[in-house]
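Written below as structure tokens is the structure these notes are about.
Fair warning: this is a prediction, and the values are worked out from it, not measured in the lab.
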Amino acid sequence: MTITRLLVANRGEIARRVFRTCRRLGIETVAVFSDADADLPFVREADLTVRLPGSTPAETYLRGDLVVEAAERAGADAVHPGYGFLSENADFARRVLDAGLVWVGPSPESIEVMGSKVEAKRLMEKAGVPVLGEVDPADVTEADLPLLVKASAGGGGRGMRVVRTLDDVARQVDLAANEAASAFGDPAVFVEPYVERGRHVEVQVMGDGHGDVLVLGERDCSVQRRHQKVVEETPAPGLDPVTRHSLHEAARRAAETIGYSGVGTVEFLYDPRTERFWFLEMNTRLQVEHPVTECVTGADLVELQLMAAEGAGLSVDASETGHAVEARLYAEDPTRDWQPQSGTLTRFEIPEVDATFGRLRDFGVRVDAGFGEGDEVGTHYDAMLAKVIAWAPTRGEALRRLAGALRRARIHGVRTNRDLLVEVLTHPAFVAADLSTGFLQEHELAALGERHYGWGAVIPVEVSAHAAALTIAEHTAAGRRVQQRIPVAWRNVPSQPQVVSFVEGHRAGGHGAPDELVHEVAWTAGRDGYRFAHQDEPALDATSIRAVSATSEAAVLEVNGVETTFEVTVRGDLVDVDSVHGHVALTRLPRFADPADQVATGSLLAPMPGSVVTLAVRAGERVTAGQTVIVLEAMKMQHTVAAPHDGTVTDLPVAVGEQVAAGAVLAVVHTEGEPA
């Protein structure tokens, strides 16, 4: 059968990616969209669209009945599931086929047998593929630790947790089951040994459904946070040729065992110390990281999926050229336990991009993004904004090119992991391919901590605040109707400096929490320009920083003889500062704070918009520092809000099921001896 009109049962970046290939092949496209996604680019790019009422996954993209009904209403003859949501749901695949539609994926039987990670491991063991043994959580001993709890269904790191102490086993199993139920509708989890310093290596396969399987190389996906991939590359660096061949053959055997048809990925845990590897799971769908394979092989994996669905045989050149690396750009705060971020992307620019969603014709940079400038990043779905991919003749060149593209990106409105990605790509251990799934923790990159400038260790927020202060002054001057030729705050005999105060991050209402560090910048202006006055900053002597020039859009500062240009964007009290050292978001504090804007000391504020799923304490209860007070759910992940210190819960103004905004007071923990 020839596909003429395809519905993508997904959203965002992957929907746009499938649409791109469909347009090239002359296939009409249909998008389904939730109320929360109505204004996103993938909806605008489809030929036809069908609304799925509601905003949560359970109301929309996980409703297989509504998706099939949408395909029938739109006159589609095929359905592509993308990844996540219903992509590995055998019942959904059967529903599509029963409706007389073409299913762009493997058979429901293949999905079913590999959909249960427990059953898949048993089948692979019988087929001679190495597997890790399963552990009964009721019989765990100290000798079994550490352990990994994993959701039996789904993927993407949800429902996956590491356990290192016996008394934490039950709690982590419960948390993993809750996340799995929320993300995939299936709370089943299992437990297996956790291999320290293991690498995550996966093999791309393509089957014709008749026993023939083609291997399209492997990918290393070891750099992860919360067990979700952050950086992926192909070929996997440092693999012994014998080990690489063994991995490929094991993946081929896995796919042949189930008569696999279409594109799929067989994932392995690889121990570089022993050269051993074990089967983890098979993803019976397209992978998020598929662009790196497309770069080095020249294949269009979406096109191969469509060809397989139409019944075409295998005819792919599996030769590889160069090295490709992908970085996942997330709306999240790495310094605060990867908290998802939401808001409007007021600026979204990645320079010198050679392709979007399509194959690169030559070495260069490709971007697959689900959002654009002006789009709203919500709280209901995954926090990934875009994938940035670099392809070059060698691994070193690919790393450098990708780090450069990310470093020059301008992303405002939400906090992202962009600076962390640059840190990873340029880290000596990563460059040397000394990889493991615990890479971020081993090198303490998750906290980002103090960033290092060319002139020495300096906290960038303070430097950026100085640039912001001057640009705000120029911005104010540009808006004056009188005395525009007179320098800002100019005095013949200056007495007191002008002082501008900031807190890091964008804060609603122009104020910060009581315990936030305030950055004060004091400056004067005269005939020879701006001068900074000394302030009590913890890591910056204002006398060591000199203002070279300033406009309403940028400031040039000199520190220890090195000049740097800081681009500054001002929107009311919200300020974004970009430079070669990264991005810093600031909120300008008012000179005189309104008492109504202040929150009580000890207030626990919502780190992001979300839904309250658990109240772990009651008002009047005593708590200890670090004790869980509330659990929020946002972007399909659960986030613990803990007591900042010992004390008593004096206020608990929220209820289970309540939707809260970022910055909302969730609870107040009063410390003995302090005024309530």
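Between the Arg366 side chain and the Phe357 main chain, a donor and an acceptor come within less than 3.5 Å of each other. Side chain of Asp333 to backbone of Thr335: a donor-acceptor contact under 3.5 angstrom is found. For the pair Arg20 (side chain) and Thr356 (backbone), a donor-acceptor distance under 3.5 Å is present. Formation of a donor-acceptor pair under 3.5 Å by the Ser579 side chain with backbone atoms of His581 is found in this model. No donor-acceptor pair closer than 3.5 Å links the side chain of Glu567 to the backbone N or O of Thr565. Side chain of Thr640 to backbone of Ala642: no donor-acceptor contact under 3.5 angstrom is found. Under a 3.5 Å cut-off, the side chain of Arg16 and the backbone N or O of Asp368 do not form any donor-acceptor pair. In this structure, the side chain of Glu520 does not engage the main chain of Ser501 through any donor-acceptor pair within 3.5 Å.
Considering only residues two or more places apart in sequence or on other chains, Ala15 meets the side chain to side chain contact (heavy atoms under 4.5 Å, CB included) condition with Val8, Phe19, Phe42. By the side chain to side chain contact (heavy atoms under 4.5 Å, CB included) test, Ala585 pairs with His506, Asp576, His583, sequence neighbours left out. Every residue two or more places apart in sequence or in another chain was checked for a salt bridge (Lys or Arg N to Asp or Glu O under 4.0 Å) with Arg407, and none qualifies. Here Arg24 pairs with Asp300, Glu303 under the salt bridge (Lys or Arg N to Asp or Glu O under 4.0 Å) rule; sequence neighbours left out. With sequence neighbours left out, Asp220 forms a side chain to side chain contact (heavy atoms under 4.5 Å, CB included) with Arg199, Val201, Ser222, Glu233, Ala236, Pro237, Leu435. With sequence neighbours excluded, the residues that form a side-chain hydrogen bond (donor to acceptor under 3.5 Å, both in side chains) with Ser34 are Tyr381. Remark: Glu59 engages Thr56 in a side-chain hydrogen bond (donor to acceptor under 3.5 Å, both in side chains) (not counting sequence neighbours). Asp47 pairs by the salt bridge (Lys or Arg N to Asp or Glu O under 4.0 Å) definition with nothing, not counting sequence neighbours. A search for ring pair (Phe, Tyr, Trp, His ring centres under 6.0 Å) contacts involving His200 returns nothing, not counting sequence neighbours. In this view, Val613 and Val631, Glu633, Gln638 satisfy the side chain to side chain contact (heavy atoms under 4.5 Å, CB included) rule, not counting sequence neighbours. Among residues two or more places apart in sequence or in another chain, the ring pair (Phe, Tyr, Trp, His ring centres under 6.0 Å) test is passed with Tyr83 by none. Among residues two or more places apart in sequence or in another chain, the salt bridge (Lys or Arg N to Asp or Glu O under 4.0 Å) test is passed with Glu289 by Lys229, Arg328.
Salt-bridge annotation for Glu352 and Arg401: absent, with no side-chain N of the basic residue lying under 4.0 Å from a carboxylate O of the acidic one.
Taking a 6.0 Å sphere around CD of Glu349, one finds it holds more than 12 heavy atoms contributed by other residues, nucleotides or ligands. Counting non-hydrogen atoms of other residues, nucleotides and ligands closer than 6.0 Å to CZ of Arg347 gives a total above 12.
Of all the heavy atoms in Thr60 and Pro53, the pair that sits closest is CG2-O, 3.7 Å. Taking every heavy atom of both residues into account, Ser342 and Val377 meet most closely at CB-O, 3.1 Å. Residues Val431 and Leu399 come closest through the heavy atom pair CA-CD1, 4.1 Å. In terms of heavy atoms, Leu557 sits closest to Val548 at C-CG2, 4.2 Å. Closest approach of Pro81 to Ser87, counting heavy atoms only: CB-CA, 3.5 Å. The minimum heavy-atom distance between Val292 and Val325, with the atom names listed, is CG1-C, 3.8 Å.
Between His466 and Phe566 the shortest side-chain heavy-atom distance does not fall below 4.5 Å. Inter-residue side-chain proximity for Pro340 and Thr379 is flagged as unmet; no heavy-atom pair is nearer than 4.5 Å. Two residues are said to be in side-chain contact when any heavy atoms from C-beta on lie closer than 4.5 Å; Arg17 and His80 fail this criterion. In this structure the side chain of Val424 never reaches within 4.5 angstrom of the side chain of Val230, judged on heavy atoms. Annotation: side chain of His323 is not in contact with side chain of Val296 (no heavy-atom distance under 4.5 Å). The side-chain heavy atoms of Asp39 and Asp375, taken from C-beta on, include no pair separated by under 4.5 Å. Annotation: side chain of Arg225 is not in contact with side chain of Pro334 (no heavy-atom distance under 4.5 Å). A 4.5 Å side-chain heavy-atom check between Arg336 and Arg415 finds every atom pair outside the cut-off.
Looking only at atom types and distance, the side chain of His412 has no donor-acceptor partner in the side chain of Arg571 under 3.5 Å away. Defined by atom type and a distance below 3.5 Å, a donor-acceptor pair is present between the side-chain atoms of Glu474 and Tyr530.
Between Phe439 and Phe430, the ring planes are perpendicular. Angles over 60° get that label, and only those under 30° would be called parallel.
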- request: Determine, step by step, whether Arg219 and Glu326 satisfy the salt bridge (charged side-chain N to carboxylate O under 4.0 Å, His left out) criterion, reporting the C-alpha distance in whole Å, the side-chain angles of both residues, the deciding distance to 0.1 Å, and the verdict.
  value: CA-CA 10 Å; Arg219 300 181 286 256; Glu326 172 183 291; over 6 Å; no
message: Could you walk me through whether Trp523 and Arg531 satisfy the side chain to side chain contact (heavy atoms under 4.5 Å, CB included) test, starting with their C-alpha distance in whole Å, then the side-chain angles of each, then the deciding distance to 0.1 Å, before giving a yes or no?
response: CA-CA 5 Å; Trp523 54 269; Arg531 289 181 179 274; over 6 Å; no
task: Check the pair Val414 / Thr416 against side chain to side chain contact (heavy atoms under 4.5 Å, CB included), numbers first and verdict last.
output: CA-CA 6 Å; Val414 297; Thr416 75; 4.2 Å; yes
message: Run Phe33 and Thr49 through side chain to side chain contact (heavy atoms under 4.5 Å, CB included) and show every step you take.
response: CA-CA 7 Å; Phe33 65 94; Thr49 62; 3.8 Å; yes
- request: Mind running side chain to side chain contact (heavy atoms under 4.5 Å, CB included) on Phe502 and Val577 for me, showing each step along the way?
  value: CA-CA 12 Å; Phe502 303 94; Val577 185; over 6 Å; no
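In this structure, Trp391 CH2 and Phe363 CZ are separated by 5.0 Å, a value rounded to the nearest 0.5 Å. Remark: Arg226 CZ to Trp338 CH2 distance equals 9.0 Å, nearest 0.5 Å. One finds the CG atom of Asp354 at 11.5 Å from the CD1 atom of Ile389 (value rounded to the nearest 0.5 Å). Separation of atoms CD (Gln659) and CG (Leu632) is listed at 9.5 Å; rounding is to 0.5 Å. Rounded to the nearest 0.5 angstrom, Leu421 CG and Leu329 CG are separated by 6.5 Å. Distance CG/Asp578 to CZ/Arg418: 6.5 Å, rounded to 0.5 Å.
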